[in-house]
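See structure below.
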Protein chains: 2
Amino acid sequence: MDNLDGHATRECLNAWPAPPHSVIATDPLYRRFRSVQAAFRRRAQALMHDCDCPQLLHGSANVLLQLSEQDGLTLTELARRCEIENSSLTALVDDLERSGLAVRERSANDRRHIHMVLTQKGREVAPRIRHVWQQIQQIAFASISAQDIERMQSVMQTIESNLNGG
Amino acid sequence: MDNLDGHATRECLNAWPAPPHSVIATDPLYRRFRSVQAAFRRRAQALMHDCDCPQLLHGSANVLLQLSEQDGLTLTELARRCEIENSSLTALVDDLERSGLAVRERSANDRRHIHMVLTQKGREVAPRIRHVWQQIQQIAFASISAQDIERMQSVMQTIESNLNGG
DNA sequence: TATTGTTATACTCTATAACTATA
DNA sequence: TATAGTTATAGAGTATAACAATA
């Protein structure tokens, strides 16, 4: 076990070694993507709470905003616009129904289709949610130029495309 | 149910409406953070497979690289360097042990400490993992200038700090 | 009492596969 | 057979809280 004590000693002598370049160049970047998203989500939840909005998943709020643009979309069309799978949408729509913001209405013409229709409450809440999202933008992008934000989005898109082999 | 058919008709007449500015400005950006990270992970897994590396979680690979910089770190020190909680580290360390790349060794001096020690296999594999991560960088950042990458990282850091109220 | 580490649990976001109901 | 939607399940990454062992 002497070597283990040796390790412990090295730790003490050199507690903060510089990480190798390959590590600092990849892992923190990789992890930053998640932590930024988490920061967006946490701040949005705090703001929604402050604004007396129902506590929605970020995805549900997005569905709500889609519906406030065009009410009565079918689930499949909503999933397409939100760029998620049908099965992923189910929980978000459940969330909206549970919060009383929208209801499923089965189509009379083709009973396979379900239209999502905003309730009165949903129509009232949607602008507040939209406002919260706008606030988040203002907070998040404070002191960052529009050009830098666009550049970042474009770089991220290129990275994703590079990694997906395109 | 006539209104539902009305919705269906509007869909047909105007199937691809432009989303409102507030939506395009936030949600796709929010979601991009996750999708880029997923792209990194998927590509890394594919490359690790091609290079005959053990299939490790990204986090486990990161722990392995930390150990290849300094062997025998305690779990708490490893968690600190990886910027995760102790409890989150457990699964990653289990992963490394399961793959035979490192072993837990309890310290004789202070039996509360556990040192992670690379095995022979771990020392052989670490450089290959590092190489894979370097390849990923090359793939991900192809045709993107170093300046743009640094700028993106810095912008992301600012966004996170803004959102966290700093 | 304080520290190290583990376990149990939960949460967010997402996907795939198998299923039901309808056309 | 094809489409719309649901359910069941998984997986990645993370956290909190309660716990055991040790100091």
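Per chain, numbering begins at 1; letters A, B, ... match sequence-line order. Keep in mind that the numbers below use all heavy atoms, side chains included, and drop hydrogens, waters and symmetry copies.
- With respect to B:Gln37, the side-chain hydrogen bond (donor to acceptor under 3.5 Å, both in side chains) criterion is satisfied by exactly one of A:Gln37, A:Arg34, A:Arg31: A:Arg34.
- Residues in residues 154-166 of chain A take part in these salt bridge (Lys or Arg N to Asp or Glu O under 4.0 Å) pairs, two or more places apart or across chains: A:Glu160-B:Arg32.
- Side-chain contact of A:Gln153 with A:Gln157: a donor-acceptor pair under 3.5 Å is absent, judged by distance alone.
- Rounded to a whole Å, the CZ atom of A:Arg34 is 8 Å from the C1' atom of C:dC13.
- One atom, CD of A:Gln37, and another, C1' of C:dT14, lie 11 Å apart when rounded to the nearest Å.
- Looking at B:Gln120 and B:Arg123, their side chains do bring a donor and an acceptor atom within 3.5 Å of each other.
- Proximity of a side-chain donor or acceptor of A:Arg128 to a complementary backbone N or O of A:Asp52 within less than 3.5 Å is detected.
- Regarding A:Leu92, its CG atom lies at a distance of 11 Å from the C1' atom of C:dT12, rounded to whole Å.
- Between B:Glu77 and B:Arg80 there is a salt bridge, since a side-chain N of the basic residue sits under 4.0 Å from a carboxylate O of the acidic one.
- When only modelled atom types and interatomic distance are considered, A:Arg81 and A:Gln66 share no side-chain donor-acceptor pair under 3.5 Å.
- Judged by distance alone, with hydrogens and angles left aside, the side-chain atoms of A:Asp148 form no donor-acceptor pair with the main-chain N or O of B:Val155 at under 3.5 Å.
- Across the protein-nucleic acid pair, A:Arg41 atom CZ and C:dT14 atom P stand 10 Å apart, rounded to whole Å.
- Taking the 5' to 3' direction, DNA chain D first and last meets chain B under 4.0 angstrom from a heavy atom at D:dA12 to D:dA23.
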- line: Given protein heavy atoms under 4.0 Å, the one-letter contact record of nucleotides 2-11 of chain C, with B base, S sugar-phosphate only and - none, is simply BBSSBB----

